[in-house]
Amino acid sequence: MGLLRKIRDTGQVAEPAPPRPEGGVPPQAREFGGSVQVRCVDAGSCNGCEIEIAAAFNPVYDAERYGARLVASPRHADVALVTGPVTRNMAEPLRRTVAAMPEPRLVVAVGDCAINCGEFAGGYGVEGAVSDVVPVDLAVPGCPPRPDEIVAALRRVTGR
Amino acid sequence: MNTVGYAAIVLQVGAVVAGAPLLTGLMRQTRARLEGRAGAGVLQPWRDVRKLLRKEPITPVGTGPAFRWAPPVLVATSLVLAVLVPLVSTESPVRGRADLIVVVALLALGTVALALAGLDTGTAFGGMGASREMTIAALVEPTILMAVFALSIPAGSTNLPVIVAGAADEPARLTSPAGLLAIAALSVAVLAETGRLPVDNPSTHLELTMVHEAMVLEYAGPDLALVEFGAQLRLTVLLGLLASLFAPWGIATSASSLAAVLLALVLVVLKVAVLGTVLAAAEVFWAKLRLFRVPELLAGSFLLALLAVTASYFMGGEGGQ
């Protein structure tokens, strides 16, 4: 009964939806029609971006209301959210993950490391940025990016 | 009578097909609201289906006919169930074939087809999901049979429309000890059969806790749409069966007028929507059971079903005949 009281007292915690992000829907995402399944790939990140992605799907930012949903398999996914500089050991798994996704598919690079290796550029274990390994369609800069920036990128893909 | 009977079947199948994704959307929306989220809206599962149908189909290397045929078989068995189960009218042209054993066999056929597909992918998680699904199915199918047997003893038949019509005429059958035990047993069995909490978590992302999801990890595009649609159909039909068996009020029993059929349709949509909302709200309060505790829960529900049959057999003797 404590949980019931908590639900009643808390009410809705989702913040009102901000206006639609500028920049239209990428051409490959036109077919999605308000439904996007997202697969996260950690290619060597420090987990800062993972925390912000988790926050983007929490009740406050609620990315699910725009039609994005996290899934467990690349076969179910339309979008790969890739974080971190691509390490040597993760380069091949990342290529395979993107290859396993059915067309049309998008790759979104989340965080400065994914875009240009950031703090880890030149490290002996780093293969390169995400765009050196797989083609990148959208990038979300920031170290780490704020959850609302990740939500804005996902909204551009879902078109909602 | 025949025209109205066929109209009832068409209406019933149409409502189940159009309503199954909406029911899932309603349940997700209920859960989202209780969690303080805004939710994606009731129409989201239909958007998902539309999107998946536009995507590229993928046949993973090394998979065979079991993998290719499972989604159509799952949807086909669910559609046949949607025709057979008496949701709107008990006087439909197929009532002679709507036998309890056929219904349970069709459920089992869909389950086995998907489990074989999970094995066919050859991945560790596919095989694990298939093995878990079979463990659960082996405990659930007998429970459904036994629970409905308890209701079929006073009706004198295993034919579902006869059972439902009998209960609508004589509601005392449902409030008897046998009826109440059967309700409890069948509710747990339906939760397990449709992969809801506390047996399986439909929204899990952790492969080690998956049952149903683990078997369908390799499906993509239109095949995945069929698998998801089939699962949604099964949930809708089973909740509808639960509503018809235990709250048969309003169901058309004479099927002479179209008005009665339409009223029954509206009522069954309401009943299933209420059941779905209650289930989604209850799931907020439940945690998933440990896998090794699931057989205990299911054995408990089988025991309730067995008690229901026993009670129905011994106590219904003088009252029922």
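Sequence lines set the chain letters: A, B, ... in the order given, protein chains first and strands last, and positions in each chain run from 1.
Residues B:A38 and A:A14 come closest through the heavy atom pair N-CB, 3.8 Å.
Taking 4.5 Å as the limit, some side-chain heavy atom of A:R75 sits within range of a side-chain heavy atom of B:I58. Using a 4.5 Å heavy-atom threshold, the side chains of A:M101 and B:E56 count as separate.
Residue A:T158 holds its OG1 atom at 9.5 Å from CZ of B:R47, rounded to the nearest 0.5 Å. Within the model, atoms CG of B:L34 and OG1 of A:T10 stand 11.0 Å from one another, a figure rounded to the nearest 0.5 Å.
Atom CZ of A:R95 sits in a crowded spot, with more than 12 heavy atoms from other residues, nucleotides or ligands closer than 6.0 Å. Atom CZ of A:R30 is surrounded by more than 12 heavy atoms from other residues, nucleotides or ligands within 6.0 Å. Counting heavy atoms of neighbouring residues, nucleotides and ligands inside a 6.0 Å radius, atom CH2 of B:W46 exceeds 12 of them. Counting non-hydrogen atoms of neighbouring residues, nucleotides and ligands closer than 6.0 angstrom, the CG atom of A:N89 reaches no more than 12 such neighbours.
The main-chain N or O of A:P104 is found under 3.5 Å from a side-chain atom of B:K55 such that the two form a donor-acceptor pair. Looking at B:K51, its side chain never comes within 3.5 Å of a backbone N or O of A:F32 through a donor-acceptor pair.
Ranked by heavy-atom pairs under 4.5 Å with chain B, the first of A:G11, A:A100, A:A72 is A:A72. Ranked by heavy-atom pairs under 4.5 Å with chain B, the first of A:N58, A:V36, A:V13 is A:V13. Highest contact tally toward chain B, considering only A:Q12, A:H76, A:E15, is held by A:H76 [criterion: heavy-atom pairs under 4.5 Å].
One finds no salt bridge joining B:R54 and A:E31 here, because no Lys/Arg side-chain nitrogen approaches an Asp/Glu carboxylate oxygen to under 4.0 Å.
Heavy-atom proximity under 4.5 angstrom to chain B picks out A:P59, A:D62, A:E64, A:R65, A:G67 from residues 59-68 of chain A.
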Evaluate side-chain contact (heavy atoms from CB on, under 4.5 Å) for A:R69 paired with B:D48, printing each intermediate quantity in order. CA-CA 10 Å; A:R69 194 154 59 86; B:D48 292 350; 3.8 Å; yes

Determine whether B:Q44 and A:S35 satisfy the following criterion, side-chain contact (heavy atoms from CB on, under 4.5 Å), listing intermediate values before the conclusion. CA-CA 7 Å; B:Q44 187 62 30; A:S35 155; 3.6 Å; yes

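Both the backbone and the side chain of B:P60 come within contact range of chain A, with heavy atoms under 4.5 Å apart. Proximity to chain A (any heavy atom under 4.5 Å) is restricted, for B:L224, to the side chain, taken from C-beta onward.
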